[in-house]
Amino acid sequence: MDEDHVFLDDLRARLAEDPSLEVAGRARTGREAIELTQELRPDLVLVDALLPDMSGFEAVAWLKEQRPAPLVVRVTFDGSRIVELASMKVGADACVPRGELPERLLLVLQDLLWSNAETRPPDPPS
């Protein structure tokens, strides 16, 4: 098992400890994330800065083109304002530096989900 698997498994376990959150899926590539988002229609997607098939910026832009668009949190390597602004420019709703996971992430997720619960449009009929 490589370091990314361990990191993702640990993060998933930490998120599962919060009864208000449900982890719907996990993707290792940007393409997988887009496909799972179309299939599962999650309220929120976490996007890493580096993906094997595209940049985190590209993945965020693709995800925000979905209808309805999920909330997107970009996980970054650093907490610089430049990276945060660039992420927001392509559509990220928030950024969390990897070093601040999972503690800050849980707060950001709860804040985004609770503040957008009343404003998010309903899913289209299937």
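Glu100 is linked by a salt bridge (charged side-chain N to carboxylate O under 4.0 Å, His left out) to Arg104, counting only residues two or more places apart in sequence or in another chain.
Taking 4.5 Å as the limit, some side-chain heavy atom of Leu101 sits within range of a side-chain heavy atom of Val75. With a 4.5 Å cut-off on side-chain heavy atoms, Leu112 and Val73 count as touching. Here the side chains of Pro68 and Arg41 are in contact, with some heavy-atom distance below 4.5 Å.
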May I have the list of side-chain donor-acceptor pairs in residues 53-64 shorter than 3.5 Å, sequence neighbours left out?
{"unit_1": "Asp53", "atom_1": "OD1", "unit_2": "Gly30", "atom_2": "N", "d": "2.8"}
{"unit_1": "Asp53", "atom_1": "OD2", "unit_2": "Arg31", "atom_2": "N", "d": "3.0"}
{"unit_1": "Ser55", "atom_1": "OG", "unit_2": "Phe57", "atom_2": "N", "d": "3.3"}
{"unit_1": "Ser55", "atom_1": "OG", "unit_2": "Glu58", "atom_2": "N", "d": "3.1"}
{"unit_1": "Glu58", "atom_1": "OE1", "unit_2": "Ser55", "atom_2": "N", "d": "2.7"}
{"unit_1": "Lys64", "atom_1": "NZ", "unit_2": "Pro70", "atom_2": "O", "d": "2.8"}
{"unit_1": "Lys64", "atom_1": "NZ", "unit_2": "Asp93", "atom_2": "OD2", "d": "2.8"}

Just list the side-chain donor-acceptor pairs under 3.5 Å for residues 10-19, sequence neighbours left out, or say none.
{"unit_1": "Asp18", "atom_1": "OD1", "unit_2": "Ser20", "atom_2": "N", "d": "2.8"}
{"unit_1": "Asp18", "atom_1": "OD1", "unit_2": "Ser20", "atom_2": "OG", "d": "2.6"}
{"unit_1": "Asp18", "atom_1": "OD2", "unit_2": "Gln110", "atom_2": "NE2", "d": "2.4"}

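Here the options are Leu71, Val96, Leu46, the test is side chain to side chain contact (heavy atoms under 4.5 Å, CB included), and the partner is Leu109; only Leu46 passes. Under the side chain to side chain contact (heavy atoms under 4.5 Å, CB included) rule, Arg74 has a single partner from Asp48, Val83, Val90, Val45, which is Val83.
One finds the CG atom of Leu51 at 10.0 Å from the CD atom of Glu32 (value rounded to the nearest 0.5 Å). Rounded to the nearest 0.5 Å, atoms CD1 (Ile34) and OG1 (Thr29) are 8.0 Å apart.
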Next on the checklist: Between Val72 and Leu44, is the side-chain contact (heavy atoms from CB on, under 4.5 Å) condition met? List the steps.
Outcome noted: CA-CA 6 Å; Val72 178; Leu44 188 140; over 6 Å; no

Checklist entry - Could you walk me through whether Arg26 and Leu36 pass the side-chain contact (heavy atoms from CB on, under 4.5 Å) check? => result CA-CA 8 Å; Arg26 178 176 112 178; Leu36 277 175; 5.9 Å; no

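Shown here is Glu103, whose CD atom has more than 12 heavy atoms of other residues, nucleotides or ligands within 6.0 Å.
By the rule that hydrophobic residues join a cluster once side-chain heavy atoms approach within less than 4.5 Å of another member, Val23 and Leu106 end up as members of one cluster.
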